[in-house]
2 protein chains.
Amino acid sequence: MAKLLTAIVDDHPIVIEGLKVLLQNEENLQLVGGFCNGSAILSYISTNQVDLILLDITLPDINGIELCQQIKDISIATVVLILSNHTERSIIMQTIQNGASGYLLKNSSVDELRHCISEAVKGNICYSKEVMEIISRPSKNHIQDMPRLTRREKEILALIAAGKTSQVIGQELFLSPLTIDTHRKNLIQKFGVKNVAELIMTATQQQIL
Amino acid sequence: MAKLLTAIVDDHPIVIEGLKVLLQNEENLQLVGGFCNGSAILSYISTNQVDLILLDITLPDINGIELCQQIKDISIATVVLILSNHTERSIIMQTIQNGASGYLLKNSSVDELRHCISEAVKGNICYSKEVMEIISRPSKNHIQDMPRLTRREKEILALIAAGKTSQVIGQELFLSPLTIDTHRKNLIQKFGVKNVAELIMTATQQQIL
DNA sequence: TTTTTTCTACTGATTTTTAGGTATTTTAAT
DNA sequence: ATTAAAATACCTAAAAATCAGTAGAAAAAA
């Protein structure tokens, strides 16, 4: 069996170097490189074969969730394993939805990493212990998932978070302030909150802002 | 010259392992261990000599900023170098105030890490390039430091973030709603924002909520 | 092409917040 | 013991947000 061509994508050089060393002794892995951003790995896989990618969510250019999708678009056979610090249920789910084969937190043990890699290349989906708990029994912080927001809603949410009133937002977007009020109302309803204070709080917790 | 006895404190095993390997070839360093939490390193240094500690801010038990102080209380000669992801000016300043000899972001290059270690053990304070920029020319996100909030203000800020109105907060704290309005006003003024939306946004960005 | 979703805009009433202040009491620090 | 800071509470008035609806036009999906 040929060695798995493996790439690491993480914005922390130290993590990349660390993972490289940790994995260089693995019998069935062949490291092809470490990448600090999304475009680097995308351009690499367009011309080179990569069997396995260890992918971080937080990257300087592209969001890891979308990057996952783009990787699978270019190379459907490449197995993507997420290695992230984000503990939000919705983020985990989105990555799997976008074709990832597993999700580990960075505080996973090295054994867990090894195990998940071997499961993932077998075609199974694999989570680290802690992630398994997050997706199984939703605890206090992970009760509600992120509501689906429309483009306009996201735009207006950001402007509200910047402290702008409906009047001002209306002027900026060339819309009636009454329209902004409607969006405001819909945002509050979608998030199931009582007012903007709670709205902004919830949205930031869910990484929307 | 004897080798520097060096410890790594980070809640990510992968980072610990990575740093270990990266530093094991350094001539003048002798790694004494990796620690996943604050109490582990504290109990270690009470009975063992440690010359240099690479310290993360986010830890499962104790906050790294306070841990830094506690380390220096036990062993004033131990050099502490912060290795963190937090880019908030106030956090950086607090660690230095608490006795740290330098601050690096985790996306620093390995060379920068080496350089900062050598500077720190010489007795100098050393920052990575990016951190230097944060503390030198405060950019958009780091303009204002965290204002000093009183106990009451923090308490009320949290209740506002939970979506409660002044009426409700007043009832809960057995205070006049007018008093809550005053605190609300003071919070908005202290943070230099226009309304609660921006207040909550700013407060979360500065890790106060 | 039809259906559904999103975006737009409105009415009217009510609640809440914000802006300008002032002022007394309590608590903490010197 | 004195000073400074924090916490309390109030007034007036304007601005903004929230609630509870409806509804047409545009865009996207089926």
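Within every chain, numbering begins at 1; the chains are lettered A, B, ... in the order of the sequence lines, protein sequences first and strands thereafter. All of these numbers come straight from a predicted model, not from anything done at the bench.
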Could you check how far [atom1] of [X] sits from [atom2] of [N], rounded to whole Å?
| X | N | atom1 | atom2 | result |
| --- | --- | --- | --- | --- |
| A/Ile188 | D/dT18 | CD1 | P | 4 Å |
| A/Ile160 | C/dT17 | CD1 | C1' | 15 Å |
| A/Lys194 | D/dA17 | NZ | P | 19 Å |
| A/Arg148 | C/dT5 | CZ | P | 10 Å |
| A/Leu187 | D/dA17 | CG | P | 13 Å |
| A/Gln171 | D/dA16 | CD | P | 10 Å |
| B/Phe174 | D/dA9 | CZ | C1' | 18 Å |
| B/Ile169 | C/dT16 | CD1 | P | 12 Å |

Check every atom of [options] against the side chain of [X] and return the nucleotide holding the closest atom.
| X | options | result |
| --- | --- | --- |
| B/Leu175 | D/dT8, C/dA19, C/dA9 | D/dT8 |
| B/His183 | C/dT16, D/dC19, D/dA7 | D/dA7 |
| A/Thr150 | D/dT8, C/dT6, D/dC19 | C/dT6 |

Atom pairs under 3.5 Å, N or O on each side, protein against nucleotides 21-28 of chain C: can you list them with distances?
| from | atom 1 | to | atom 2 | distance (Å) |
| --- | --- | --- | --- | --- |
| C/dG21 | O6 | B/Lys185 | NZ | 3.0 |

- [ ] Select from B/Glu153 and B/Leu178 the residue whose nearest nucleotide in DNA chain D is closer to the 5' end of that strand.
- [x] B/Glu153
Open item on the list: Quick check: on DNA chain D, is the nucleotide nearest A/Thr165 upstream (toward 5') of the one nearest B/Ser176, or the reverse? Name the residue that is more 5'.
Closed with: B/Ser176
Is it true that [Y] and [X] share a donor-acceptor pair across their side chains at a distance under 3.5 Å?
| X | Y | answer |
| --- | --- | --- |
| A/Ser166 | A/Asp181 | yes |
| B/Thr95 | B/Tyr103 | no |
| A/Asn37 | A/Ser39 | yes |

Within a strict 4.5 Å, meaning less than it, do heavy atoms of the [X] and [Y] side chains meet?
| X | Y | value |
| --- | --- | --- |
| B/Glu119 | B/Lys122 | yes |
| B/Val79 | B/Ser101 | yes |
| A/Ile65 | A/Ile57 | yes |

Task: Shortest non-hydrogen contact from B/Ala100 toward B/Ile82 - done: CB-CG1, 3.7 Å
Open item on the list: For C/dT6 and A/Arg152 - does any side-chain N or O of the residue sit under 4.0 Å from the phosphate oxygens OP1/OP2?
Closed with: no
Open item on the list: Classify B/Asn195 by what it touches in the nucleic acid, base, sugar-phosphate, or nothing, heavy-atom distance under 4.0 Å.
Closed with: sugar-phosphate
Open item on the list: Mind checking if B/Thr179 touches a base, just sugar-phosphate, or nothing, with heavy atoms under 4.0 Å?
Closed with: base
